[in-house]
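Just below is one structure, and these are the notes that go with it.
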2 protein chains.
Amino acid sequence: MVHERVTEIEHDNSLDKVEQILQGAMHEFLVHGYAGTSMDRVAASAGVSKATVYSYFQDKPGLFKALVEKLAQQRFYSIFGTEPLEGDPKIVLRRLITKALNQMLKDEEFRAFKRVVIGESGRFPELAQLCIVCLIKPTIETLKSYLTSHAELKIPDPEATARILVGSLVHYVMTQEMMHGKEIIPMESDR
Amino acid sequence: MVHERVTEIEHDNSLDKVEQILQGAMHEFLVHGYAGTSMDRVAASAGVSKATVYSYFQDKPGLFKALVEKLAQQRFYSIFGTEPLEGDPKIVLRRLITKALNQMLKDEEFRAFKRVVIGESGRFPELAQLCIVCLIKPTIETLKSYLTSHAELKIPDPEATARILVGSLVHYVMTQEMMHGKEIIPMESDR
DNA sequence: GTCTATATGGCGATAGAC
DNA sequence: GTCTATCGCCATATAGAC
């Protein structure tokens with residue numbers, strides 16, 4: 001009772017090809033940056049020919065934009081599909097912070113992504129804005145509404161506090177990612 | 001009663017040439033990034049020939065490193081040749097913060113510098129470390145010792161507090177630099 | 001649809017005139 | 001010391017075979 005016969009066994013692998021190319025593009029762009037990456041190497045890393053890359057993506061900027069958009073959405077879902085964010089405030093906040101820190105410190109790919117987006121934010125401002133709208137803003141908003149809904153914490157300005165928290169963590173990771181580890185900051189002093 | 005005659009009126013302009021090249025290199029590298037900058041354009045922007053550039057600097061990475069080192073030292077002196085950092089804590093801290101914020105928000109060149117250093121921190125880690133040692137670490141250390149010497153602020157962990165402060169400000173500037181201004185954060189809630 | 005081969009131009013770096 | 005001219009090489013992008 002099949003509607004269409006199986007005349008095309010593995011026909012619709014176009015999406016796989018796109019995914020395959022984006023995979024290779026990610027590998028190259030995140031390591032060598034935008035200008036430092038050649039379409040030849042993207043094609044080689046993806047296991048296809050250069051002409052195939054150009055048949056699925058208009059040009060180099062187009063491929064780069066498609067990649068960053070995909071990664072931003074990916075990160076967005078990986079962040080907000082995890083925590084219920086409810087319970088005793090002190091414990092929840094502490095768990096949230098340590099989890100975010102460990103994830104950022106462990107995830108080399110995420111740091112490379114951030115590096116590229118920041119480095120290219122002058123030439124691709126719309127991609128930087130996309131990353132803020134998809135990643136940073138929701139994080140701050142979530143934290144803010146959590147802090148607001150817990151009046152017992154006596155926080156006068158939840159939005160400012162949320163921004164301070166996020167900014168401290170991100171900047172901490174960014175400095176630690178660049179220089180040698182140095183000593184680890186004692187985490188018992190944020191709130 | 002001059003020791004040496006004026007046989008060489010404007011002879012020693014080698015240093016001027018170096019400065020001239022570094023000026024052109026700054027203009028190009030900060031706008032187009034490392035890989036996006038060609039030595040031809042550096043030479044054109046500096047008003048010399050490409051061969052002259054190569055007579056003063058070994059190669060492209062050498063020129064880039066020399067430029068970043070110069071800019072890092074420059075920024076270092078421009079930061080620590082200003083404030084005495086003494087007086088009533090509340091007022092001093094507030095003035096310091098607003099001043100740092102306004103300076104960062106106004107100085108486009110500084111943000112471009114930070115962008116390039118972060119973007120290239122994977123391929124030039126020693127330059128990123130240099131910028132941390134010359135710029136971020138002294139800032140945190142100065143703040144820390146100031147907070148420590150004012151016991152009346154009752155700050156349990158001065159180093160952590162200093163890092164939080166710096167991280168918040170830098171991250172605030174970085175997000176505002178990328179997206180549209182959005183609303184300004186109310187600054188009455190850091191301490 | 002996907003490949004190989006190629007057109008066209010810019011790149012880093014240098015040789016040699018002056 | 002500084003320039004012009006040039007050498008290889010690699011880049012983006014496309015044409016045409018299959």
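Computed from a prediction, not measured in an experiment: that's the story for all the values here. Naming: A, B, ... by sequence-line order, numbering from 1 per chain.
K50(B) pairs by the salt bridge (charged side-chain N to carboxylate O under 4.0 Å, His left out) definition with D40(B), not counting sequence neighbours. Remark: K144(A) pairs with E159(A) by the side chain to side chain donor-acceptor pair (under 3.5 Å) rule, at least two apart or across chains. Partners of H171(B) under the side chain to side chain donor-acceptor pair (under 3.5 Å) rule, at least two apart in sequence or in another chain, do not exist in this structure. In this structure, the side chain to side chain donor-acceptor pair (under 3.5 Å) partners of R75(B), at least two apart in sequence or on a different chain, are D107(B), E109(B). Shown here are the side chain to side chain contact (heavy atoms under 4.5 Å, CB included) partners of Q73(B), two or more places apart in sequence or in another chain: there are none. Here E120(B) pairs with R123(B) under the side chain to side chain donor-acceptor pair (under 3.5 Å) rule; sequence neighbours left out.
The interatomic distance linking L63(B) (CG) with dA13(C) (C1') rounds to 14 Å, in whole Å.
Screening residues 52-67 of chain B for salt bridge (charged side-chain N to carboxylate O under 4.0 Å, His left out) gives K65(B)-E126(B) as the qualifying pairs, with residues at least two apart or on separate chains.
Contact check of residues 21-33 of chain A against DNA chain D (heavy atom, cut-off under 4.0 Å) returns no residues at all.
Within the structure, a side-chain polar atom (N or O) of T52(B) is placed less than 4.0 Å from OP1 or OP2 of dC3(D). Within the structure, every side-chain polar atom (N or O) of Y56(A) is placed at least 4.0 Å from both OP1 and OP2 of dG1(C).
By the 4.0 Å N-to-carboxylate-O rule, K114(B) lies too far from E177(B) to be salt-bridged with it.
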Any chance you could list the contact pattern along nucleotides 4-18 of chain D? Use B for base contacts, S for sugar-phosphate-only contacts and - for none, protein heavy atoms under 4.0 Å, 5' to 3'. B------SBBBB---
